[in-house]
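Only one structure is covered here, and it is reproduced in the block below.
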Amino acid sequence: MRILIVNTSEKVGGAAIAANRLMEALKKHGVSVRMLVRDRQTSSMSVVQVETGLMQAVRFAWERFVIFVSNRFHRHNLFAVDIANTGYDITKMKDFEQADVIHLHWVNQGFLSLNDLDRILHSGKKIVVTLHDMWYFTGICHYSGDCGKYQDKCNGCPMIYHSGDGKDLSYKVFSRKQRMYEDADITFVGCSKWIAGLAKSSALAKNQRVVSIPNAINTDVFKPMDKTEARKKCKLPVDKKLLLFGSQRITDERKGFKYLAEACEIIKKKYPDVAEKMGLVVVGGKSETIQSEVVIPVYSVDYVSNEKDMVAIYNASDIYVTPSLQDNLPNTIVESMACGIPCVGFNIGGIPEMIDHKQNGYVAEYQNADDFANGILWTLDDSRHKQLSVSAYDKAISTYSESSVAEQYCKIYNNDK
């Protein structure tokens with residue numbers, strides 16, 4: 001059996017990392033698998049790229065332009081939605097023709113159009129779709145926030161500037177997806193039970209098979225190491241309690257950084273002696289811009305693409321903090337736990353499936369900075385920190401290991417229930 005994994009990027013972004021890791025896990029499991037991408041970052045023989053050139057930039061710009069016009073020439077949510085009005089026809093490529101299973105992941109921003117997806121869904125191949133966000137079962141958004149219109153029919157999208165209640169872009173794309181899915185046979189795989197549950201409630205996926213399988217992690221790479229050694233390697237202070245926060249785009253409001261900043265302020269007001277010994281390590285794009293927003297020392301690290309460097313950063317930290325306001329199954333939590341680092345996050349999305357409250361971390365009340373501060377203090381406490389670390393590592397090994405995830409996907413590919 002030959003599997004073709006399809007994703008916009010090979011390595012950049014959470015979905016790309018998860019898709020790439022799945023490919024490696026499947027290969028170790030004896031599966032013949034290749035990855036088809038638009039944006040290639042390595043020279044791996046297992047990765048094939050569509051033809052690139054000027055048209056790639058044109059496709060991306062055209063989609064954004066149409067959204068921009070629909071937004072009445074406002075940048076409002078310009079990159080929070082995708083309409084898939086342009087892309088590549090991959091069905092004539094050799095790797096597509098030779099594959100038995102087409103495994104779609106994140107294919108937006110001008111990679112695959114709705115027409116391309118329609119051809120794929122009706123190609124006669126077995127189709128598996130991993131849900132890294134909500135786009136496959138909504139009209140145009142990746143995360144719907146408080147909007148539940150996708151459960152019936154998207155229209156009057158709150159993501160579009162002054163959309164109104166008419167047949168806007170979300171309605172048109174939703175209707176197109178509905179016609180595409182109607183006679184297609186798709187297995188949707190949620191990276192979390194949370195997103196699988198949302199998919200089941202959508203009018204688009206209600207007649208399709210929906211299951212849940214987590215993302216894989218290479219526990220031979222992401223594993224515990226000596227904390228003092230890790231801090232020296234990362235040039236971080238050895239005498240502080242270090243919190244770690246990471247995001248591809250720190251300024252993304254969905255990542256909830258303001259709640260982390262507020263939690264640190266609460267700790268400093270109530271427990272100044274504790275705050276004096278704390279520090280915040282921030283990894284990601286524009287991480288240096290937030291130093292003035294936090295009352296404890298900030299140690300800024302640019303976006304890290306090397307896994308071994310990231311492993312050292314995880315191990316240099318005492319806890320990982322993720323105040324996300326809507327998230328599926330963040331790779332960062334899986335990576336942290338594999339390194340034996342307890343996590344603190346809000347009770348939202350797939351996070352409470354990953355962090356077992358007061359067993360390997362702390363799940364705080366949603367959007368409650370006071371409880372997030374409590375979680376940080378509770379998890380840092382020396383009397384329990386070591387056991388939390390052991391439990392975090394054990395959870396990663398038992399739930400997210402490559403062999404476990406690969407085996408579950410193989411059952412899907414082979415139509416096993």
Side-chain angles (χ1 to χ4, degrees), residues 2-24 26-27 32-68 78-99 101-123 125 127-136 138 140-143 173 176-177 180 186 188-189 191 215 248-249 252 285 303 305 328 331:
R2 296 180 179 181
I3 314 300
L4 182 64
I5 289 175
V6 184
N7 197 79
T8 299
S9 173
E10 177 189 357
K11 288 277 192 177
V12 177
I17 292 170
N20 198 283
R21 286 176 179 169
L22 175 60
M23 177 178 68
E24 295 303 323
L26 290 169
K27 286 196 290 188
S32 175
V33 56
R34 287 170 71 80
M35 186 174 182
L36 175 63
V37 301
R38 185 194 67 188
D39 304 329
R40 191 175 185 178
Q41 283 81 41
T42 74
S43 57
S44 171
M45 295 295 290
S46 298
V47 179
V48 61
Q49 186 178 25
V50 296
E51 184 179 350
T52 59
L54 178 61
M55 283 305 297
Q56 177 175 315
V58 172
R59 287 185 178 97
F60 177 80
W62 172 241
E63 183 179 31
R64 294 308 118 187
F65 178 74
V66 173
I67 296 168
F68 185 56
L78 186 58
F79 293 95
V81 301
D82 276 287
I83 60 175
N85 63 336
T86 182
Y88 301 79
D89 179 7
I90 65 172
T91 60
K92 294 179 176 61
M93 295 182 67
K94 179 181 176 182
D95 286 280
F96 185 95
E97 292 175 346
Q98 293 180 341
V101 177
I102 306 302
H103 190 159
L104 300 172
H105 287 256
W106 202 90
V107 296
N108 299 121
Q109 295 193 348
F111 183 26
L112 299 184
S113 70
L114 295 176
N115 287 336
D116 299 326
L117 286 170
D118 197 10
R119 281 189 285 266
I120 292 168
L121 295 180
H122 297 93
S123 64
K125 309 279 188 180
I127 306 298
V128 177
V129 176
T130 290
L131 303 170
H132 295 282
D133 57 31
M134 299 173 65
W135 185 81
Y136 281 104
T138 67
I140 59 177
C141 69
H142 292 281
Y143 286 97
V173 176
R176 179 75 172 97
K177 288 180 181 177
M180 286 163 47
I186 310 168
F188 287 107
V189 180
C191 295
N215 295 332
Q248 190 174 0
R249 189 159 59 94
D252 184 351
Y303 182 75
S305 58
N328 186 6
N331 290 321

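- Looking only at distances, no side-chain donor or acceptor of N7 sits under 3.5 Å from a matching main-chain atom of V37.
- In terms of heavy-atom proximity, R64 sits nearest to V81 at NH1-O, 3.0 Å.
- Using a 3.5 Å distance cut-off with no hydrogens or angles, the side chains of H142 and D82 do pair a donor with an acceptor.
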What verdict does the side chain to side chain donor-acceptor pair (under 3.5 Å) test give for T91 and D89, after you've listed the backbone C-alpha separation in whole Å, the side-chain angles of each residue and the deciding distance to 0.1 Å? CA-CA 6 Å; T91 60; D89 179 7; 2.6 Å; yes

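- You'll find the side chain of L104 stays beyond 4.5 Å of the side chain of T130, heavy atoms only.
- In this structure the side chain of T8 never reaches within 4.5 angstrom of the side chain of H105, judged on heavy atoms.
- Contact record, I120 with F96: CG1-CE1, 4.0 Å, taken as the closest heavy-atom pair.
- With sequence neighbours left out, T42 forms a side chain to side chain donor-acceptor pair (under 3.5 Å) with E10.
- Nearest heavy atom pair, residue L114 against residue M180, reads O-SD, 3.6 Å.
- No side-chain heavy atom of L22 sits less than 4.5 Å from a side-chain heavy atom of N215.
- Side chain of R2 to main chain of S32: no donor-acceptor pair is present (N/O by atom type, distance under 3.5 Å, no hydrogens or angles).
- Under the salt bridge (Lys or Arg N to Asp or Glu O under 4.0 Å) criterion, D133 pairs with no residue, sequence neighbours left out.
- Counting only N and O atoms by type, the side chains of R176 and N85 include no donor and acceptor under 3.5 Å apart.
- Scanning for salt bridge (Lys or Arg N to Asp or Glu O under 4.0 Å) contacts around D95 gives R34, with sequence neighbours left out.
- Closest non-hydrogen pair, G110 versus E63, comes out as N-OE1, 3.4 Å.
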Audit row: R59, F111, side-chain contact (heavy atoms from CB on, under 4.5 Å) steps and yes/no: CA-CA 8 Å; R59 287 185 178 97; F111 183 26; over 6 Å; no

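- With a 4.5 Å cut-off on side-chain heavy atoms, I186 and L121 count as touching.
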Q.
Applying side-chain contact (heavy atoms from CB on, under 4.5 Å) to H103 and L4, what does each step give before you reach the verdict?
A. CA-CA 6 Å; H103 190 159; L4 182 64; over 6 Å; no

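- Of all the heavy atoms in M35 and A19, the pair that sits closest is CE-CB, 3.9 Å.
- Judged by distance alone, the side chain of Y136 and the main-chain N or O of F188 form no donor-acceptor pair under 3.5 Å.
- Side-chain contact check for D39 and Q49: no donor-acceptor pair (N or O, by modelled atom type) lies under 3.5 Å.
- Legend: residues meeting side chain to side chain donor-acceptor pair (under 3.5 Å) with Q41, ordered by chain and number and at least two apart, are S9.
- Side-chain N or O atoms of Q109 include none that pairs as donor or acceptor with a backbone N or O of F60 at under 3.5 Å.
- The shortest non-hydrogen separation linking Y143 to M134 is CA-SD, 3.9 Å.
- Counting non-hydrogen atoms of other residues, nucleotides and ligands closer than 6.0 Å to CZ of F65 gives a total of 12 or fewer.
- Remark: E24 engages K27 in a salt bridge (Lys or Arg N to Asp or Glu O under 4.0 Å) (not counting sequence neighbours).
- Side-chain contact between I102 and V6: present, with at least one pair of heavy atoms (C-beta onward) separated by less than 4.5 Å.
- Between K177 and D118 no salt bridge is recorded (no basic side-chain N to carboxylate O distance below 4.0 Å).
- The closest donor-acceptor contact from the side chain of K125 to the backbone of A99 lies under 3.5 Å.
- When the salt bridge (Lys or Arg N to Asp or Glu O under 4.0 Å) test is applied to R21, the partners found at least two apart in sequence or on another chain are E307, E335.
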